[in-house]
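Keep in mind the model is a prediction, meaning the values are calculated, not measured. Chain naming here is simple, since letters A, B, ... match the order of the sequence lines and numbering starts at 1 in each.
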Number of protein chains: 2
Amino acid sequence: MRSDKVSLSDIARMVGVSTALVSYVLSGKEKEGRVGQEIAAKIRAIAKELNYQPNLLAKSLRKGQTFTIGLIIADISNPFFANIAREVEDESRRHGYTVIIGSSDEDADKAWDLMNVLINRQVDGFIIVSSEHSERLVEHLQRIRLPFVLLDRHFPQFDTDFVVTNNARASYEAGIHLIENGYRRIGFMAYQSAMFHVSERIRGYQEALRDRGIQVEANWLKRVSFLAIETEIRTAIDELVSAESPVDALIFSTYGLAVNGLKYFNERHLRVPEDVAIVSFGQAEVFDLYYCPISYMRQPIDVLAKKAVDILMSRLKGESSESQQYTIEAQLVARESSRKRMIR
Amino acid sequence: MRSDKVSLSDIARMVGVSTALVSYVLSGKEKEGRVGQEIAAKIRAIAKELNYQPNLLAKSLRKGQTFTIGLIIADISNPFFANIAREVEDESRRHGYTVIIGSSDEDADKAWDLMNVLINRQVDGFIIVSSEHSERLVEHLQRIRLPFVLLDRHFPQFDTDFVVTNNARASYEAGIHLIENGYRRIGFMAYQSAMFHVSERIRGYQEALRDRGIQVEANWLKRVSFLAIETEIRTAIDELVSAESPVDALIFSTYGLAVNGLKYFNERHLRVPEDVAIVSFGQAEVFDLYYCPISYMRQPIDVLAKKAVDILMSRLKGESSESQQYTIEAQLVARESSRKRMIR
DNA sequence: CGTCTTTACTTAATCGTTTAAGCGAAAACA
DNA sequence: TGTTTTCGCTTAAACGATTAAGTAAAGACG
């Protein structure tokens with residue numbers, strides 16, 4: 001297919017030396033290779049003239065390193081993950097690494113297959129936003145000793161590297177914020193999932209209410225399945241605003257829940273914050289543009305991503321052996337959607 | 001780093017045959033290799049037992065094919081591109097290809113560097129959402145005969161494969177739609193760019209107005225630079241709604257312009273569609289969630305992406321030599337933001 | 001029974017690098 | 001002058017697959 005691919009041996013032939021010498025010069029190992037000044041210059045000149053581009057496949061095969069990392073996320077078309085992907089990509093490039101991204105759709109089997117595809121491609125390591133039931137994936141990576149960092153979500157039962165948000169604390173602050181602004185009946189919308197970060201978010205919310213002497217009603221907590229979100233979130237909201245136990249505020253625990261929930265809010269003509277005040281997790285332009293800008297717990301995606309890459313890089317250098325675990329605080333961005341409650 | 005990597009020769013040693021035989025069996029070439037039944041079974045058994053995963057680097061190096069394609073887009077954190085990326089990823093995987101995504105930030109130099117990184121990684125081909133001044137990139141790929149497909153944007157002066165939206169037509173329809181709903185003074189917001197798709201979108205808009213006997217005023221067309229979008233779009237909108245030549249409707253020619261523009265609309269408390277009706281390009285959840293759902297020209301991202309991958313695949317098989325060029329129609333999704341004008 | 005074909009394998013080159021080891025020749029040292 | 005060191009380069013193995021070509025043994029054929 002390609003015609004003018006130029007290899008080390010092409011240069012070697014033109015200069016009249018061995019490929020070894022060319023390799024030494026072009027990879028900056030002149031010292032070790034003890035190459036003559038003139039011949040080095042000549043090699044460099046010819047390489048430049050032919051626009052020599054080393055074949056990274058060959059290099060990787062030989063060195064046992066590809067300078068590639070695999071990034072497994074739920075869905076690149078979700079802006080939260082897209083932003084993560086962007087930061088990971090930029091940070092990795094700074095270290096000379098290329099990222100291969102795969103979307104798992106929160107499906108452990110897909111994630112497993114993805115992992116295998118990437119392993120076959122000999123990635124040097126992984127950054128993973130894990131999905132439910134991905135314990136097997138984590139165990140497998142540990143067993144084969146492939147470095148990886150869990151991002152945004154982790155498994156407390158495994159001793160792994162990870163970088164996550166302080167989810168309990170974030171929920172707690174979201175709750176306190178709403179309470180301090182006069183809301184008393186606060187709902188919480190979460191995915192139906194046994195993942196740690198989900199239960200942490202729920203825990204923080206409940207603690208906030210309890211700390212402020214509010215009796216948490218069980219049916220304020222709504223859990224919807226990821227796959228049937230569009231229908232289930234409608235039922236959940238219907239129940240939350242029904243006469244029986246109407247809430248005056250609602251915390252969405254992810255971006256996807258917020259988007260789907262707010263769509264239904266519009267449909268039902270529920271007013272924010274008059275009917276229901278809102279604080280959400282995740283972040284996206286949607287929150288700015290909503291008629292009533294949405295308050296949210298800002299997760300410092302750039303910091304999370306950068307830290308994850310840094311940890312992975314240190315692993316790839318084989319530096320430490322202790323697990324590196326970072327929990328980063330989210331920050332409340334208070335907007336109109338949770339403004340002080342008017343007395344009705 | 002990795003301990004238990006198992007290679008062809010490991011299997012060969014255990015079974016007591018040569019690596020060649022193992023290769024034949026495991027790559028389903030038993031016929032050509034004329035391998036015995038029993039030994040084939042044994043090889044397969046051991047391979048399974050050891051969980052053998054072929055080293056794609058070695059395979060690629062030998063075969064001169066990596067089954068990898070490079071996708072260059074402006075920015076993965078922009079939902080329009082994120083959706084493209086997702087579709088390209090899925091469709092490619094169906095063909096057994098892995099995608100490496102890179103963000104160019106609409107910067108030709110970054111795109112060039114990205115291209116080189118990916119070439120070094122021996123991608124088999126490219127799908128490119130090109131940026132301004134990327135003619136050099138296109139010429140280079142043609143010269144080295146690396147297959148590529150331009151997506152969403154193309155250069156009319158080059159004879160390349162491409163898949164694009166019918167931009168002139170889409171703008172035209174957006175314009176007609178607004179006119180038919182009673183708007184007469186229609187503005188158009190575009191990036192300051194000489195790229196073909198931009199001028200096509202402008203052309204369609206102007207034609208629509210002319211066809212309906214509306215005298216197009218020059219200062220209805222606003223062009224803002226990609227880099228200084230936040231400030232320039234404010235000035236542009238200020239001018240558009242100013243007393244001198246206030247518009248009653250506005251077409252945003254990209255997602256990014258719409259988001260930034262609408263933010264400023266909120267700030268200035270401009271009402272949609274009472275003050276200004278809106279039709280936008282691009283698509284995202286934002287448009288659904290805005291207090292007044294935004295009408296937009298729906299570009300069939302899934303079709304665009306799938307077609308681009310299909311074309312690239314046919315190139316990789318070396319099928320046709322004629323350039324394959326597809327122009328796909330966008331579809332108006334009419335919502336509240338451009339509803340029939342009330343007489344004031 | 002000798003020759004030809006088929007079967008079931010092996011050998012070895014190859015892809016494009018890296019890099020340890022080797023090897024003359026010149027320079028330094030004793 | 002003889003020995004060691006340094007210099008400047010080459011040789012060749014290795015990474016892990018693929019695959020054309022070779023080969024030995026068994027079976028088919030006349």
- line: The answer to which of A:Arg62 and B:Ala58 contacts DNA chain C further toward the 5' end, by nearest nucleotide, is B:Ala58
Residue whose nearest DNA chain C nucleotide is more 5′ - B:Ile39 or B:Lys63: B:Ile39
Spacing between [X] atom [atom1] and [N] atom [atom2], to the nearest angstrom:
X	N	atom1	atom2	result
A:Ile11	C:dT18	CD1	C1'	15 Å
B:Lys5	D:dA14	NZ	P	20 Å
A:Gln53	C:dT17	CD	P	10 Å
A:Lys42	D:dC9	NZ	P	11 Å
A:Arg13	D:dT10	CZ	P	14 Å
A:Leu57	D:dA14	CG	P	22 Å
A:Leu56	C:dT18	CG	P	9 Å
A:Gln65	C:dG16	CD	C1'	18 Å

message: Any N or O donor-acceptor pair under 3.5 Å from the base of C:dA20 to the side chain of A:Tyr24?
response: yes
Which listed nucleotide ([options]) is nearest to the side chain of [X]?
X	options	result
A:Leu21	D:dT10, C:dT17, D:dT18	D:dT10
B:Ser23	D:dT18, D:dA17, D:dT11	D:dT18
A:Leu61	C:dA12, D:dC15, D:dT10	D:dC15
B:Asn55	D:dA17, D:dC9, C:dG16	D:dA17

- prompt: Which part of the nucleic acid, if any, lies within reach of A:Ser18 when heavy atoms closer than 4.0 Å are counted: base, sugar-phosphate only, or nothing?
  reply: base
- prompt: Are A:Lys29 and C:dT18 close enough that a side-chain N or O sits under 4.0 Å from OP1 or OP2?
  reply: no
message: Does any part of the side chain of B:Leu316, heavy atoms only, come nearer than 4.5 Å to the side chain of B:Gln65, both counted from C-beta?
response: no
- request: Output, in order, the C-alpha distance, side-chain angles, deciding distance and verdict of side chain to side chain donor-acceptor pair (under 3.5 Å) for B:Asp124 and B:Thr66.
  value: CA-CA 6 Å; B:Asp124 293 335; B:Thr66 54; 3.2 Å; yes
message: Taking A:Thr160's backbone N and O only, do any of them form a donor-acceptor pair with A:Gln325's side chain (distance below 3.5 Å, no angle check)?
response: yes
message: One thing to verify: whether A:Arg136 and A:Glu139 come together as a salt bridge, which I'm taking to mean a side-chain N less than 4.0 angstrom from a carboxylate O.
response: no
query: Would you call B:Lys42 and B:Glu38 a salt bridge, taking side-chain N to carboxylate O under 4.0 Å as the test?
result: no
